[in-house]
Amino acid sequence: MRAVLTVAALVIAARPAAADPDGARVFTVPTAWLLPAGAAGATLGIDHRGDTTAVASFGLGMAEAEIDQDTDIRGCTDCAMRPLPLRLGRAAFRLGVRQDAWLPGMPALVLGVRATFAAYDPAVPDPRASDAYAVASRDLGIVRLHAGVDALSASVAGRRAAARLRPLAALEVHPPMYPRSSLLGDLAWEPNLDAVHGASLGWLLGVGVRYQAFAWAQIELAVRARQGEDLGAATVMVRVNAFTRP
Amino acid sequence: MKQASGMILATVLGTAAVARAQPAPGGAPSPDGKPVPVSDAAAPTGTPAPTGTPTTGVPASPYEPPPSDPGPLLGGQVDPPRDGRAGPQRRHPPMRFPEVLTTPTGWLLPAGVLYSRNAIDTGGGVTSDDRVGLGDVAEFGVATTDQVRERQLLADKPVRIQPYITASFRMGVEENRLFAGQPGVTLGFRKSFEREHAGFKTRIAELTLVASKHLGPDAAIHIGGTLWDASMQATAQVDDMPAPETTLHGHGLARQIRAFGGFEARPLPRSQILIDLGWAPDFCYQCTAETDRIKLRPELSWGVRYQVASFMHIESGVRVPDIGNFNLLDAQIFGQVTFTSFALSDAVETLK
């Protein structure tokens with residue numbers, strides 16, 4: 001209770017932000033920050049296994065459209081072996097309000113839906129994953145908080161799993177002595193697609209740093225670990241984000 | 001003779017005076033006295049046009065300052081004249097979109113306006129919708145739709161039939177034209193060409209009546225009713241006779257009539273939030289129950305329309321094809337680009 005009151009006091013005491021920060025996701029967790037109208041964003045990433053990520057997004061005012069190709073979802077036909085990353089093409093639509101839009105101290109809020117439109121050389125037949133989430137983000141100066149709930153649904157080989165709710169949580173720390181650097185951590189859930197037994201959900205934890213190289217570009221370095229995988233299977237990734245202004 | 005000439009002169013002058021008192025075709029009064037409609041592409045920043053300013057083919061009053069239009073690159077709608085000999089600037093009437101996201105509105109395209117909307121979605125749908133406004137009272141269009149779906153058995157996952165080509169004609173009365181507070185009303189008819197797919201010939205037709213009303217300058221509501229019909233027939237012959245045809249109208253009017261509606265709001269000058277609920281036919285080829293063979297399924301869409309330029313809008317959002325049997329995996333993210341052009345309208349005005 002005390003912790004909740006503390007966070008509430010911090011939120012109310014926080015100065016109104018001039019504009020929402022950039023970035024539609026921490027590492028995996030979506031944020032409630034929306035691109036300004038007419039702005040565009042791009043992300044390119046690769047991990048130490050060579051799995052790549054590419055995201056392009058466009059700001060529509062109070063919404064954002066996003067198209068991406070990522071390997072966050074894992075699949076397996078023989079799940080005694082380590083599941084393989086599935087390279088999926090996905091699109092997302094995010095609709096929301098910026099922080100302080102309705103009330104001073106209110107967080108930014110976003111309702112997002114993401115759907116699969118393509119699978120490239122999948123290790124499992126007919127993989128699909130969709131999720132709908134509501135997330136709140138607030139910039140408190142030194143820290144930025146993100147919290148939400150995600151409804152995830154997936155299918156593999158024609159087996160559909162009903163949508164299940166999971167929490168989303170992320171924290172960004174911006175030490176004042178390092179104005180260009182931030183420490184990030186997030187916790188999300190992603191589907192694991194078992195071609196024999198169907199889809200299940202597993203957590204995905206990310207910890208890393210972000211360096212604001214330019215006003216329009218950031219570079220991130222992170223380690224991500226998954227439920228059901230030992231520490232040695234954790235991936236190290238590097239990612240570059242760039243944004244344009246209208 | 002002299003008396004007759006006087007009467008003719010008086011008649012001509014009287015007619016001219018009456019004609020002069022008519023509002024310009026495109027210069028419809030705003031719905032609520034505020035001049036910026038929700039889909040007004042001509043005023044992207046929400047800056048109201050001067051009340052009573054002529055909008056179509058009528059020179060601006062010499063007693064009013066000329067409208068300061070910065071040109072299309074800066075969000076305006078017309079290029080500045082290239083030389084001093086160019087005539088007075090022609091101001092375009094407000095652009096009100098004929099569709100929310102998937103359902104028709106009670107608004108029509110202005111006369112001579114060309115409209116083209118091209119869309120893709122994550123379900124693999126690719127559609128195009130091209131229309132032209134006819135005399136401010138009607139609209140003709142040809143489109144491909146991906147809303148019609150098929151399945152073999154009731155338990156199967158439906159897949160879309162595309163391209164499914166339709167032609168449409170809509171006619172109506174613009175908002176506040178007949179009396180103050182009157183909603184925009186259109187009566188529309190859409191009919192498909194016969195489509196042969198998976199061993200079946202299918203057709204659809206839809207009659208819609210819809211009313212649209214502004215709720216202030218930045219919001220509008222659309223409510224309508226639709227009468228659907230559809231037919232399907234196996235292409236294989238039975239005993240050298242055509243296979244029997246199954247129709248939607250063969251199972252009563254209650255299966256054909258549906259209500260639909262939409263809402264739009266503009267919280268930012270260039271961005272609108274859109275929500276609508278419509279219906280689309282679903283063919284089940286091997287269903288045993290006759291009533292299951294053609295069904296109307298509700299479709300919910302929500303999204304945002306963003307005005308990139310006066311002639312170009314981007315729309316994106318989410319569409320759930322069968323909201324009555326909601327499954328998150330069926331949700332589709334769509335993106336579409338809409339172009340509008342007054343070129344034909346301007347050319348016609350020039351010829352006049």
Side-chain angles (χ1 to χ4, degrees), chain A residues 34-40 56-68 88-98 101-102 110-119 126-133 150-156 158-165 191 193 199 246, chain B residues 44-46 73-75 101 119-126 146 155-157 159-160 218 263-275 300-309 312-321 323 325-338:
Chain A
L34 292 170
L35 285 172
S57 50
F58 185 76
L60 301 165
M62 79 295 287
E64 190 176 301
E66 183 182 278
I67 188 165
D68 77 271
L88 300 179
R90 298 202 275 180
F93 176 74
R94 295 152 42 81
L95 177 69
V97 291
R98 299 175 195 287
W102 295 336
V110 155
L111 177 68
V113 176
R114 187 160 61 155
T116 305
F117 65 87
D126 194 20
R128 290 175 70 204
S130 298
D131 65 320
Y133 56 82
D150 196 3
L152 299 114
S153 184
S155 76
V156 56
R159 292 166 173 266
R160 286 185 173 210
R164 277 163 291 179
L165 291 178
L193 305 183
Chain B
T45 57
L73 291 177
L74 299 174
L101 286 168
I120 56 169
D121 66 47
T122 54
V126 180
D146 63 347
D156 288 350
K157 184 183 148 198
V159 293
R160 62 188 73 200
D218 291 326
F263 174 76
E264 51 188 273
R266 183 163 59 181
L268 297 175
R270 285 173 175 263
S271 302
Q272 286 174 258
I273 293 177
L274 312 166
I275 303 170
L300 179 70
S301 309
W302 70 90
V304 165
R305 178 180 292 148
Y306 175 66
Q307 183 180 346
V308 180
M312 181 182 175
H313 291 74
I314 291 177
E315 290 156 15
S316 184
V318 182
R319 187 165 57 203
V320 186
I323 189 70
N325 184 22
F326 177 68
N327 188 319
L328 190 56
L329 283 170
D330 293 334
Q332 299 161 358
I333 312 294
F334 64 85
Q336 54 197 33
V337 185
T338 304

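All chains are named by letter (A, B, ...) in the order of the sequence lines, taking the proteins before the strands, and each is independently numbered beginning at 1.
- For A:R128, there are no side chain to side chain donor-acceptor pair (under 3.5 Å) partners, not counting sequence neighbours.
- Looking at B:D330, both its backbone and its side chain come within 4.5 Å of chain A, counting heavy atoms on both sides.
- From A:F117, atom CZ reaches atom CD1 of B:I120 across 8.0 Å, with rounding to the nearest 0.5 Å.
- The two residues A:F93 and B:S316 have their closest heavy-atom pair at CE1-O, 3.1 Å.
- At least one donor-acceptor pair under 3.5 Å links the side chain of B:S271 to the backbone N or O of A:L60.
- When every heavy atom of A:V113 is checked against every heavy atom of B:I333, the shortest pair comes out as O-CD1, 3.3 Å.
- The distance from atom CZ of A:R160 to atom CG of B:L328, rounded to the nearest 0.5 Å, is 10.0 Å.
- When all heavy atoms are compared, the tightest approach of B:I314 to A:F58 is CD1-CE2, 4.0 Å.
- Taking both residues in full, the closest heavy atoms of A:A91 and B:T122 are given as CB-CG2, 3.4 Å, listed atom of the first, atom of the second, then distance.
- Looking at residues two or more places apart in sequence or on another chain, you find a side chain to side chain donor-acceptor pair (under 3.5 Å) between A:E66 and A:R25.
- The residue among A:A154, A:A132, A:A162, A:G158 with the most heavy atom pairs within less than 4.5 Å of chain B is A:A154.
- For chain B, the option among A:A115, A:S153, A:G61, A:G89 with the highest count of heavy-atom pairs below 4.5 Å is A:S153.
- Contact annotation for A:A118: neither backbone nor side-chain heavy atoms come within less than 4.5 Å of a heavy atom of chain B.
- Between B:L329 and A:S155, the shortest heavy-atom contact is CD1-CB, 3.6 Å.
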- Task: Check step by step if side chain to side chain contact (heavy atoms under 4.5 Å, CB included) holds for B:Q272 and A:M62.
- Result: CA-CA 9 Å; B:Q272 286 174 258; A:M62 79 295 287; over 6 Å; no

